[in-house]
Protein chains: 2
Amino acid sequence: MKQYNLGIEATLEIIGGKWKALIICLLMSGVKRTSELQRHIDGISQKVLIQQLRELEKDGLVRRYVFQQMPPKVEYSLTEYGVTANKIVEVMCSWGKENIKMRQQQGEDIVLLEGTVTGEF
Amino acid sequence: MKQYNLGIEATLEIIGGKWKALIICLLMSGVKRTSELQRHIDGISQKVLIQQLRELEKDGLVRRYVFQQMPPKVEYSLTEYGVTANKIVEVMCSWGKENIKMRQQQGEDIVLLEGTVTGEF
DNA sequence: TAAGGTAGTTACTTTAAAGTGCGTACTAGA
DNA sequence: TCTAGTACGCACTTTAAAGTAACTACCTTA
């Protein structure tokens, strides 16, 4: 029997980690192919991208559609449930943006490269 | 120069990881001593707890108040900024609760031990 | 006087997550 | 014909986060 003390533990298991929130963020702007996702996510390896996508699929947030053709073509999109998870991603994005602004005002040498990935968050 | 592509990256740096969201969650219910926090957080070691608290303090979410006495007494509380971060923790908690409910209905053998930690989330 | 509680620090080890590099089977284009 | 792109799988290595254990210095209570 698996036990949780707080709801947040389940959330972190599902969308925690280094990449999943970003992937959800990107898929919010529409269906994407594997290579497209990889080009947009700076620094992710193909192995890890696919691994994360499979986990998101297993957890019901992402749908995987395989075209039976050569060369291979696979498309990923958010399920309805995935869209509910995006609510979390949104708050995290906007809080993060405010955090960055604040730190800039305090003189820290940081930037948010807006528009480069989703153009939104 | 530190660069971010998405706001969420900053958020994850600050409240990501295994324990920080839980600590914020607990501190929402009021000022706590170190040992009190450790008793409430199942499985955290003293080293990691203190380390996480110091990082949260450095990031301006947590206030540390040291009583000049023997034996030592230290109290931790959320700053105003820490309270804004709690908004995120709240959505993550409620989404997680829903997720757990859903999985229970699907027959998974899991429980959310409510009331054991904060009695709230 | 010996144990237990307080809030740490330090050094070392373990583990999970992520990264790297290779191979596959096929196609389109130069 | 050679190269590049597509979406993987597999084996191995690296790294960051977390865990473990021991030590400090003082007080209270049994």
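Per chain, numbering begins at 1; letters A, B, ... match sequence-line order. All values reported here derive from a predicted model rather than from experimental measurement. Basis for what follows: all heavy atoms, side chains included, without hydrogens, waters or symmetry-related copies.
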Looking at [Y] and [X], is any side-chain nitrogen of the basic one under 4.0 Å from a carboxylate oxygen of the acidic one?
X       : Y       : result
B:Glu13 : A:Lys18 : no
A:Arg39 : A:Glu36 : no
A:Arg64 : A:Glu75 : no

Below 4.0 Å: OP1/OP2 of D:dA7 and any side-chain N or O of A:Ser35: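 Checking A:Ser35 against D:dA7: at least one side-chain N or O falls below 4.0 Å of OP1 or OP2.
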
NZ or CZ of B:Lys73 within 45° of B:Phe67 ring axis and under 6.0 Å: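 Geometry flag: set, cation within 6.0 Å and 45°.
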
Using whole Å, report how far [atom1] of [X] lies from [atom2] of [N].
X       : N      : atom1 : atom2 : answer
A:Glu57 : D:dC8  : CD    : C1'   : 13 Å
A:Tyr65 : D:dA7  : OH    : C1'   : 16 Å
A:Met70 : D:dC8  : CE    : C1'   : 10 Å
A:Lys73 : C:dA28 : NZ    : P     : 14 Å
B:Ile44 : D:dG19 : CD1   : P     : 7 Å
B:Glu36 : C:dT6  : CD    : C1'   : 13 Å
A:Gln46 : D:dA4  : CD    : P     : 16 Å
B:Arg39 : C:dG4  : CZ    : C1'   : 13 Å

Both A:Pro71 and A:Gln52 contact DNA chain C. Taking the nearest nucleotide for each, which residue is further toward the 5' end?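 Nearer the 5' end of the strand: A:Gln52.
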
What nucleotide among [options] has an atom nearest to a side-chain atom of [X]?
X       : options                : result
B:Arg54 : C:dG5, D:dG19, C:dT9   : C:dT9
B:Trp19 : D:dC8, C:dA18, D:dA18  : D:dA18
A:Arg33 : D:dT6, D:dC8, D:dG19   : D:dT6
A:Thr34 : C:dA18, C:dT9, D:dC8   : D:dC8
B:Pro72 : D:dC8, C:dT6, C:dT27   : C:dT6
B:Val74 : D:dA7, C:dG8, D:dG19   : C:dG8
A:Ser45 : D:dC27, D:dA18, C:dT20 : C:dT20
A:Arg64 : D:dA18, C:dA7, D:dC8   : D:dC8

If only atom types and distance count, is the side chain of A:Thr79 paired as donor or acceptor with the main-chain N or O of A:Leu61 below 3.5 Å?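 It does hold such a pair.
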
Need one value for B:Phe67: base, sugar-phosphate or nothing, where a base atom within 4.0 Å counts as base even if backbone is also close, heavy atoms only.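 Touches nothing.
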
Looking at the base of D:dG19, is there any donor atom on it, or on the side chain of B:Lys47, that sits under 3.5 Å from an acceptor on the other one?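 Side chain to base: pair present.
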
